[in-house]
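Quick notes on the structure that follows.
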Number of protein chains: 2
Amino acid sequence: MRKDAQINQQKILNAAAKLFKERAVSTVSMKDIAQVAGIGTGTLYRNFPNKSELCMALSLDYIQQFITGEEAQLHNSTSSVTKQFEDFLTRWLEFRERRIQLLTEIETGPSVMSTFYHSQLYKQLVNLTMQALKPISDNISESELKFRADMLISMLKSDSFAYQREQGLTREQITSNISHLMIKRCD
Amino acid sequence: MRKDAQINQQKILNAAAKLFKERAVSTVSMKDIAQVAGIGTGTLYRNFPNKSELCMALSLDYIQQFITGEEAQLHNSTSSVTKQFEDFLTRWLEFRERRIQLLTEIETGPSVMSTFYHSQLYKQLVNLTMQALKPISDNISESELKFRADMLISMLKSDSFAYQREQGLTREQITSNISHLMIKRCD
DNA sequence: TTGACAAACGGAGCATGCTCCGCTTATTAT
DNA sequence: ATAATAAGCGGAGCATGCTCCGTTTGTCAA
């Protein structure tokens, strides 16, 4: 990679971060970012094929951090498996709420299929979710576990989450409802 | 409502239906539709505030029909509750697959929140799903039932469904996995 | 029938995401 | 140092969703 290209990539990330701090992510146009970065739009798009992928690049650190933290929790915690799962959910929802703008951009972009689902990020998220689900899902095949992880992620996507919040549910209520649904129960 | 307005609305629906039959929904622009309908784009947008809502209007008949059919099934069927739920899922997935382009447009539009979630259509869909879920969900509050219906719909949205299909799952496998997840089980 | 006017029309035009391609520049072999 | 060249740059420009607003028309009271 040429040195100027590397510099430009950094300029873009800095400019985007700056603008996203100043105003709502959805109101920041790619042109704005290019302008603030002091480069052409062509250069911007060569580095990040669309706005969603740019947002993903900016989220990567946050998510990586979240995943690392959660994996540590899952290995060290001594709480009951149920409690562990609920705590995981709670923290995931907190994380979502904190990064909602970036995540919404990623999840509602025009090419979710190729951008989000095929990303390294999604794979890692599934992985983590599978780890969180496994202890509360007895007698389940690996493929079904993967399926449930996909479903859990889908349930808590921006749109759906925002809708539940709008309906008046608190994060706690959502956590409780989800865990009631996902945890193998015999009542 | 003025008579010319009424006529134009019909012209739009006809033009859209015609174009959507000829080529992929996503490749048909609003300008195309206005042109074929023989009206200005302003008129088009006064009738349907965005492409998603136009697609919803076109889907309404299909979905209404589906809902009516399913409600009849739910009242008349003599199968076991489990079987009934699985049949419901199967037919819902079949329906999705048949109308996938319109549904994708609706569910991935820029304003899903106001267009989809706040539509009469969504309310009816939730209603139906709650009816389908109720027999397999003992001891559950009405609000939790509503939540589960929301979640089930969210799990099977276009993106998520398309991803599962792409991963190689058949409709039958998806049905089976979902029913295993949603049905109160004591194994 | 006619006049007044709300309702509706239509298309120019704006914003934004994204592409295309001629020009510039860092790199590297000589 | 120089020349050759691939890698990269940048912004004009395209497509599309959507808005704005001056013009036209259906409706209805007089």
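Small disclaimer: the values here were computed from a predicted structure and weren't measured. Below, read A as the first sequence line, B as the second, and so on, with proteins coming before strands; counting in each chain starts at 1.
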If I take atom [atom1] in residue [X] and atom [atom2] in nucleotide [N], what distance separates them, rounded to the nearest angstrom?
X	N	atom1	atom2	value
B:I12	C:dC9	CD1	P	8 Å
A:Q9	D:dA7	CD	C1'	14 Å
B:K3	C:dC9	NZ	P	14 Å
B:I33	D:dC18	CD1	P	11 Å
A:R23	C:dT16	CZ	C1'	13 Å
B:I7	C:dA7	CD1	C1'	15 Å
A:Q6	D:dC9	CD	C1'	16 Å
B:M1	D:dT25	CE	P	18 Å

Say whether [X] and [Y], considering side chains only, have a donor N or O and an acceptor N or O under 3.5 Å apart.
X	Y	result
B:R96	B:S158	yes
A:T115	A:S111	yes
A:S79	A:Q84	no
B:D87	B:T90	no

(request) Please determine if B:K157 and B:D159 form a salt bridge, counting it only when a charged side-chain N lies under 4.0 Å from a carboxylate O. (result) no

(message) Assess whether a salt bridge exists between B:E142 and B:K146, defined as any Lys/Arg side-chain N lying under 4.0 Å from an Asp/Glu carboxylate O.
(response) no

Of the listed nucleotides [options], the one nearest the side chain of [X]:
X	options	result
A:A5	D:dC9, C:dG17, D:dA7	D:dC9
B:N8	D:dT16, C:dA8, C:dC9	C:dC9
A:P110	C:dC18, C:dA26, D:dG26	C:dC18

(message) Contact list please: residues 34-51 of chain A against DNA chain D, heavy atoms, distance less than 4.0 Å, in numerical order.
(response) A:I39, A:G40, A:T41, A:G42, A:T43, A:R46

(message) What I want to check is whether an N or O donor and acceptor connect the side chain of B:R2 with the base of C:dA8 at under 3.5 Å.
(response) no

(message) Assuming nearest nucleotide by heavy-atom distance, tell me which of B:S29 and B:D4 is located more 5' along DNA chain D.
(response) B:S29

(request) Check whether more than 12 heavy atoms from other residues, nucleotides or ligands sit under 6.0 Å from atom NZ of B:K134, and answer yes or no. (result) no

